[in-house]
Visitor: 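Below is one structure. I have some questions about it.
We name chains A, B, ... by the order of the sequence lines, and we start the count at 1 in each one.
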Amino acid sequence: GAGVSQSPSNKVTEKGKDVELRCDPISGHTALYWYRQSLGQGLEFLIYFQGNSAPDKSGLPSDRFSAERTGGSVSTLTIQRTQQEDSAVYLCASSLADISGYTFGSGTRLTVV
Amino acid sequence: SQQGEEDPQALSIQEGENATMNCSYKTSINNLQWYRQNSGRGLVHLILIRSNEREKHSGRLRVTLDTSKKSSSLLITASRAADTASYFCATGLSGSRLTFGEGTQLTVNP
């Protein structure tokens with residue numbers, strides 16, 4: 001597509017439920033990144049994909065968080081047993097190479113109640 | 001800890017004035033990038049400067065990079081109300097991902 005697409009744009013979930021966030025990068029972009037941003041804060045790195053493999057998943061805050069990427073394209077970030085502290089905007093970005101400029105999606109605003 | 005740190009945290013100016021934001025970082029980099037964010041959603045890439053470059057221009061934007069001081073500055077000339085946003089610097093190293101600073105909130109008053 002023309003840009004990075006994220007869905008859903010907003011998600012309200014009950015504490016303890018699982019959620020899946022989807023990212024559809026720009027076609028041909030081999031690198032894909034997940035970040036999250038709490039209100040008024042900077043971007044916190046979560047995980048980075050090069051193709052289908054994840055050379056850096058050091059930012060995943062706990063084993064409740066996992067992500068996968070299939071076909072070198074779409075990525076899914078899964079949060080199990082959500083907690084209130086998981087509430088944030090989850091941002092996905094893609095790039096042609098890992099030292100290129102990133103194109104960001106509009107994010108998924110996750111609210112855990 | 002965050003690689004990039006922006007200064008100031010917040011900046012308020014009048015339309016037509018210039019805005020300068022600074023970024024400092026700690027480790028070696030291949031490039032440094034600046035992004036803008038409106039309304040807490042997706043970031044927009046503004047400009048990329050490589051570690052062997054000292055200055056770069058794009059429209060009303062001017063970026064400098066001083067690798068000896070591990071610092072960069074973003075200058076927006078003749079600011080407009082539409083420039084109101086958060087501005088982030090991000091540093092990159094080959095084989096890795098960008099590390100973002102905490103951002104500068106710029107307000108341009110009409």
Side-chain angles (χ1 to χ4, degrees), chain A residues 2-10 23-26 29-51 53-60 67 87-111, chain B residues 1-10 21 23-25 27-53 56 58 61 63 65 74 85-107:
Chain A
V4 177
S5 178
Q6 289 189 248
S7 61
S9 57
N10 288 285
C23 174
D24 201 343
I26 290 175
H29 278 195
T30 58
L32 185 147
Y33 314 83
W34 285 97
Y35 291 82
R36 73 176 177 181
Q37 185 179 32
S38 299
L39 190 62
Q41 303 296 310
L43 273 70
E44 177 189 0
F45 168 75
L46 297 177
I47 188 168
Y48 151 49
F49 287 93
Q50 184 63 247
S53 63
D56 187 353
K57 52 178 87 170
S58 62
L60 295 177
S87 296
V89 176
Y90 288 79
L91 292 162
C92 174
S94 69
S95 67
L96 263 176
D98 59 18
I99 53 171
S100 306
Y102 290 7
T103 301
F104 278 86
S106 296
T108 294
R109 184 179 300 281
L110 176 66
T111 304
Chain B
S1 63
Q2 290 290 343
Q3 164 78 312
E5 294 183 5
E6 288 91 344
D7 168 53
Q9 288 187 328
M21 288 160 270
C23 170
S24 60
Y25 58 92
T27 64
S28 298
I29 62 171
N30 283 127
N31 69 72
L32 185 143
Q33 305 180 29
W34 285 91
Y35 288 79
R36 184 184 73 206
Q37 183 180 40
N38 292 87
S39 306
R41 284 299 189 129
L43 281 72
V44 174
H45 179 255
L46 295 176
I47 197 164
L48 180 154
I49 186 165
R50 302 190 192 286
S51 58
N52 61 353
E53 296 176 309
K56 204 158 182 181
S58 176
L61 305 181
V63 168
L65 178 64
L74 171 66
S86 293
Y87 291 82
F88 293 86
C89 73
T91 51
L93 195 61
S94 181
S96 185
R97 37 67 179 191
L98 290 179
T99 301
F100 287 81
E102 297 292 316
T104 292
Q105 173 60 49
L106 172 66
T107 302

Visitor: Using non-hydrogen atoms and a 4.5 Å limit, figure out which bit of A/Ser38 sits close to chain B: side chain, backbone, both or neither.
Guide: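 Contact with chain B: none, neither part.
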
Visitor: Of all residues at least two apart in sequence or in a different chain, which pass the side-chain hydrogen bond (donor to acceptor under 3.5 Å, both in side chains) check with B/Ser86?
Guide: B/Gln105

Visitor: Evaluate whether atom NZ of B/Lys56 has more than 12 neighbouring non-hydrogen atoms of other residues, nucleotides or ligands under 6.0 angstrom away.
Guide: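 Yes, because the 6.0 Å sphere around NZ of B/Lys56 holds more than 12 heavy atoms from other groups.
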
Visitor: First locate atom CG of A/Leu43, then atom CG of B/Leu98, and finally report the distance between them rounded to the nearest 0.5 Å.
Guide: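 Interatomic distance, A/Leu43 CG to B/Leu98 CG, rounded to 0.5 Å: 10.0 Å.
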
Visitor: Let me see the working for A/Tyr35 and B/Arg97 under side chain to side chain contact (heavy atoms under 4.5 Å, CB included), right down to the final yes or no.
Guide: CA-CA 11 Å; A/Tyr35 291 82; B/Arg97 37 67 179 191; 4.1 Å; yes

Visitor: Short question: side chain of A/Tyr102, backbone of B/Tyr35 - any donor-acceptor pair under 3.5 Å?
Guide: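 No: the side chain of A/Tyr102 does not pair with the backbone of B/Tyr35.
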
Visitor: So what's closer than 4.5 Å to chain B heavy atoms on A/Thr108: side chain, backbone, both or neither?
Guide: backbone

